[in-house]
There are 2 protein chains.
Amino acid sequence: MTEPGQRRSGRAGAATIYDIAERAGVNPSTVSRALNHPGRVSAATEARIRQAADELDFHANPMARALPTGRTRTLALVLADVTNPVVFGLIRGAERAAAAAGYTLVIAESQESGAVEAATVERVAPAVDGIVLATSRLADDEIGAIAARKPVVTVNRGGSASANVSPDVEPGIAALVAHLESLGHRTLAFLAGPANSWTSTRRWDALFAAARRAGLHIVEIGPNAPTVEGGGDAYERCEASGATAVVAYNDLMAMGLIQAARAAGRRVPEDLSIVGFDDIFGAALITPALTTVRADLELAGEHAVTHLLALMGEGAAPADCDELATELVVRDSTGPAPTR
Amino acid sequence: MTEPGQRRSGRAGAATIYDIAERAGVNPSTVSRALNHPGRVSAATEARIRQAADELDFHANPMARALPTGRTRTLALVLADVTNPVVFGLIRGAERAAAAAGYTLVIAESQESGAVEAATVERVAPAVDGIVLATSRLADDEIGAIAARKPVVTVNRGGSASANVSPDVEPGIAALVAHLESLGHRTLAFLAGPANSWTSTRRWDALFAAARRAGLHIVEIGPNAPTVEGGGDAYERCEASGATAVVAYNDLMAMGLIQAARAAGRRVPEDLSIVGFDDIFGAALITPALTTVRADLELAGEHAVTHLLALMGEGAAPADCDELATELVVRDSTGPAPTR
DNA sequence: ACGAGTTTGGCAACCGGTTGACAACGGCGC
DNA sequence: GCGCCGTTGTCAACCGGTTGCCAAACTCGT
C-alpha cells in the first residue's frame with residue numbers, strides 16, 4: 001500500500017514546512033506558527049521544529065508566503081537614470097535601510113521618461129509592498145493614482161499626492177548667494193534642468209528669491225538635458241546672458257559647462273564662476289574643482305525607505321528631516337567677479 | 001438562496017482571473033488558458049475574455065503565478081559596491097537586457113565582503129530565477145554551491161564553477177605596454193587591488209606577461225583597497241619602487257594616485273605616468289585626464305543577462321564575446337619617461 | 001443520420017505557506 | 001472526582017494562479 005499524503009518526497013528542491021512537519025512529527029501549521037509566532041507553541045515543540053528546520057536548511061518560500069499575506073517584503077526604487085552619479089547615494093542609503101528592515105530592494109529605471117516610468121511602475125507595483133519614486137517625471141495625478149494602490153514616497157518631488165522627502169535647498173542656496181555676492185558678482189544665471197523637473201523648479205525658485213533679496217540680477221536659461229552634454233550645449237547662451245556666475249541645475253551640467261568654457265578659451269573662475277548642485281563623485285576631481293551645493297542623498301534614500309516602512313505600518317517615521325539640509329561646498333570653480 | 005462560489009465579491013484589490021471568469025461567463029481555468037496559451041481556446045471566447053480583462057484592468061499576480069510554476073521572472077544582480085562608478089554600465093546593460101526579456105532586475109550589494117555576499121545571495125536566491133554575480137568575493141566552491149541551485153553567471157570572475165563573462169584584457173594591455181614602451185618607460189609598477197580579486201590577478205598576470213615579452217621591468221604593489229583612498233595611500237610605495245609608470249588596478253585608484261602625486265609636488269605625466277582600468281565616469285574629467293584601459297561594461301552586463309537567460313532555457317546564448325575586447329584610451333596622464 | 005475525430009471548456013488538484021476555529025489536553029481549585 | 005480555564009496542536013479553508021485529464025460539443029466524411 002502506498003503512503004497517503006506524501007508530497008513530492010525525495011524531490012531535489014528546497015525544504016518546505018511539510019518536510020519539517022514530518023521530521024518533527026507535527027502538523028505543518030504548527031511549523032508555521034512555531035517559526036512566525038513565538039510563544040504560540042510550547043518551547044519544547046518549537047525547539048524541535050527549529051532544529052528540524054536547521055537540519056533541512058529551511059528557507060520559507062517568499063512567493064508562497066506572499067500569496068496569503070499579500071506582503072512580499074520587497075520595495076521598489078524607481079530612478080530616472082541609474083548611471084547618473086547623483087543616484088548612487090540614494091541607492092546605497094535606500095539599500096541599507098531596506099536590508100536593515102529585512103526588505104529586498106528592486107531598482108527600476110525610467111530613463112528620464114514619464115511614459116517609461118509609468119510602465120515600469122505598472123510592471124513592478126504588483127510585486128512590491130511599497131515604492132520610492134526618485135526624481136519622478138510623473139504628473140501629480142499619476143503619482144496620486146499609484147499612491148492610492150501602494151504606499152509611495154517620493155524623493156525630490158514635492159506635491160500633496162504623496163509623502164515626500166527632499167533635501168532642504170534653502171540653507172545651501174542662501175550660503176551660495178552670500179558667497180557669490182561677497183565675490184562681487186552682480187548678475188547670475190541659472191542653467192535649468194528638464195522642463196518638468198520639480199527639483200529644477202525648486203532650485204530656481206529658491207535661488208531667484210535669494211538673489212532678489214540680495215539685490216542681484218538673475219536670469220534663467222533652459223530647459224536643458226541634465227547631463228554633461230546638456231551643460232556644454234548651453235555654454236553660448238550663458239555667455240550671451242552677461243552673467244559673471246552661472247549656477248547649473250546639477251553637477252553634471254556644471255561639469256559640461258566648465259569643459260565647454262575652457263574649450264572656448266575662457267578661464268574658470270577668473271572669467272566665469274560656475275556652481276553645481278549635489279556634490280557628485282567627480283566634482284572634486286575636475287579642474288577646477290567644482291563649488292557645489294551638497295545634499296546628503298544617502299541619508300535621503302535612507303529616510304525615504306524609513307518613511308515608506310512607516311507608511312506601511314512598520315516602524316516609526318524618521319524623526320525630523322533637519323539633517324537633510326544642504327550645504328555649500330566651496331572649491332575652485334568660483335572666484336571674484338571679473339572687473340568690466 | 002446565496003450564490004455559491006462567490007469569492008470576495010466587491011473587495012477593493014486588484015482584479016483576478018475569477019472576476020474575469022465571472023464577467024465573461026467562463027471558468028477561471030479558461031481565462032488562464034486564453035491569456036497564456038494563445039490558440040488553446042476559441043477566438044471568440046478569447047476575445048470576450050481579453051475584453052473583460054481590459055475592462056477590469058487585469059494584471060496577473062506575479063506571486064500567485066510563481067507559486068505553481070516556480071518561475072518569478074526576476075533576476076538578481078549582486079555587486080560588491082553600488083557606488084563604484086565601474087558598475088553603472090553593468091547595471092544599465094543588465095537592466096536593459098532583463099527588461100527586454102520581460103524580467104525584473106533586483107540589485108543587491110555585498111559591500112566588498114564575502115560573508116555579506118553569501119548572506120545576500122542566500123536571502124535573494126529563493127525569489128529569483130537566476131543570479132548575476134559581478135566581481136564576486138566568493139570562493140569557487142561557494143559559487144559552485146549557488147550554481148547548483150540556481151542558474152548563475154559571473155562577471156569578471158573566472159573559474160569553472162559557473163558560466164562567466166569578462167572583458168578580454170589582452171588587447172588593451174598589449175596596447176598599453178606598447179604605448180608605455182614607445183614613451184621610453186623601462187620600469188613599470190602595478191598597483192594591485194584587493195587580495196582576493198580575480199580581476200586584479202588577471203590584470204596583473206596579463207600585464208606581467210606583456211611587460212616581460214617587451215623586456216620591461218615590472219613590480220607589483222599591493223594589495224590595496226580598490227578606492228580613491230586606496231590609490232592615494234599607495235603613492236609612497238610607488239615612488240619607492242623606482243617605476244616611471246604606474247598601472248593601477250582601476251581608475252578609482254589611479255585617480256587617488258594622481259591626487260597624491262600632485263599633492264606631493266610631482267607632475268603627472270612629466271615625472272610619473274599613471275594609467276587606470278575601466279574608463280569610468282570622471283576619468284576624462286580629472287586633470288590630467290586619465291589614460292585608461294576601457295572595457296564596455298554595459299555590454300558585459302547585457303551579455304551576462306543574455307547568457308543567464310540562455311542558461312534558463314530562454315533565448316539563445318549571445319553570439320561571441322569578441323565585442324568585449326578592451327581598448328586603450330590614451331589621454332593626458334601618460335607621457336615620455338623622465339630622463340634620469 | 002451516424003460514428004470518428006477534433007475542438008473547446010470545466011473540474012479539481014496543486015504550488016507552499018497563513019490563519020481562524022476548534023478540540024484535546026493538562027492543571028487547578030473546590 | 002468534577003468542572004473550568006488556559007495552553008497547545010490540528011483541521012481546513014484560502015491566497016490566485018496553472019495544468020492534467022476528461023467530457024461535452026462540434027466538425028466532417030460517408
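A, B, ... follow the sequence lines: proteins, then strands. Residue 1 opens every chain.
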Please lay out, stage by stage, how A:Asn164 and A:Thr154 fare under the test side chain to side chain donor-acceptor pair (under 3.5 Å).
-> CA-CA 5 Å; A:Asn164 173 60; A:Thr154 51; 3.0 Å; yes
Given protein heavy atoms under 4.0 Å, the one-letter contact record of nucleotides 5-11 of chain C, with B base, S sugar-phosphate only and - none, is simply ---BBBB
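- In this structure, the CG atom of B:Leu67 is 7 Å from the P atom of C:dG16, given to the nearest Å.
- C:dT19 atom C1' lies 15 Å from atom CG of A:Leu35, rounded to whole Å.
- Considering CZ of A:Arg65 and OG1 of A:Thr72, their distance stands at 12.0 Å, rounded to 0.5 Å.
- The phosphate of D:dT18 has OP1 or OP2 within less than 4.0 Å of a side-chain N or O from B:Asn36.
- Residues A:Leu79 and A:Ile91 meet the side-chain proximity criterion, which asks for heavy atoms closer than 4.5 Å.
- Of all heavy-atom pairs spanning A:Glu95 and B:Ala108, the tightest one is OE2-CA, 3.7 Å.
- Salt bridge annotation for B:Arg149-B:Glu122: present, with a cationic side-chain nitrogen under 4.0 angstrom from a carboxylate oxygen.
- Separation of atoms NE2 (B:His59) and CG (B:Asp57) is listed at 4.0 Å; rounding is to 0.5 Å.
- In this structure, the side chains of B:Phe58 and B:Val31 stay at 4.5 Å or more apart for every pair of heavy atoms.
- Computed from coordinates, the A:Ile49 CD1 to C:dG17 P distance equals 13 Å when rounded to whole Å.
- In this structure, B:Met63 places its CE atom 11 Å from C1' of D:dG17, rounding to the nearest Å.
- Under the 4.5 Å side-chain criterion, counting only non-hydrogen atoms from C-beta, B:Ile17 is not in contact with B:Ser29.
- Direction change of the helix axis from one end of the helix from C:dA1-D:dT30 to C:dC30-D:dG1 to the other is 40°, with five pairs defining each end axis (rounded to 10°).
- Between D:dG17 and B:Ser32, no contact under 4.0 Å exists linking OP1 or OP2 to a side-chain N or O.
- Computed from coordinates, the A:His37 NE2 to C:dT18 P distance equals 7 Å when rounded to whole Å.
- Counting to the nearest Å, the P atom of C:dG16 and the CZ atom of B:Arg65 are 18 Å from each other.
- Nearest approach of B:Tyr103 to B:Arg71, heavy atoms of both residues: OH-NH2, 3.0 Å.
- For the pair B:Arg71 CZ and D:dT18 C1', the computed distance is 13 Å after rounding to whole Å.
- Taking atom CD1 of residue A:Ile17 and atom P of nucleotide C:dT19, one finds them 11 Å apart after rounding to whole Å.
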